[in-house]
Amino acid sequence: MNTKNEEIEYVEQQPSHARSILTGLVVGGLVGAGTMLFLAPQSGQKTRGEVRDGAVHLRDRTTDAVKDTVTQVKSKANQIKADVQIKAEDLQHQSKDLIAKQLDRVSQAAEAGKKAIQNTKEPSY
């Protein structure tokens, strides 16, 4: 049961982990773009083109990272859902078995009670 709790904690931590990755990508991209602007010995038009290309590349990488994270979270959620359904079915079968056993015991007790009543009604000579 401890591993299920750890899995749930892991899934709950995923959005936080994805957010830190995205934040790192954005901050890194901005720092890189700013550094490039200050250190690049080239024309403004070329620099703007490179900044635009870098922004597009950063957007694409961020989009891919978000898609990957969403896919992983959905996959884990589906796995947990399947595990819960299996456990629920197992519990349902166990409860049906337990109810059947209890009904058998009650039935046996009722039969024993009937026999005891019949034995007391019959006169013994």
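Residues forming a side chain to side chain contact (heavy atoms under 4.5 Å, CB included) with Val26 (at least two apart in sequence, or on another chain): Leu30. Judged as a side chain to side chain contact (heavy atoms under 4.5 Å, CB included), and not counting sequence neighbours, the contacts of Gln45 are Ser43, Arg48.
Chaining together hydrophobic side chains whose heavy atoms lie under 4.5 Å apart leaves Leu91 on its own. Connectivity analysis of hydrophobic side chains (ILVMFWY, heavy atoms under 4.5 Å, direct or indirect) links Val27 to Val31.
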Just list the side-chain donor-acceptor pairs under 3.5 Å for residues 96-108, sequence neighbours left out, or say none.
none

Without placing hydrogens or testing angles, list every side-chain donor-acceptor pair under 3.5 Å for residues 51-61, not counting sequence neighbours.
none

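Rounding to the nearest 0.5 Å gives a distance of 9.0 Å between CD of Gln118 and NZ of Lys115. We find the CD-CD distance between Gln85 and Gln92 to be 12.0 Å, quoted to the nearest 0.5 Å.
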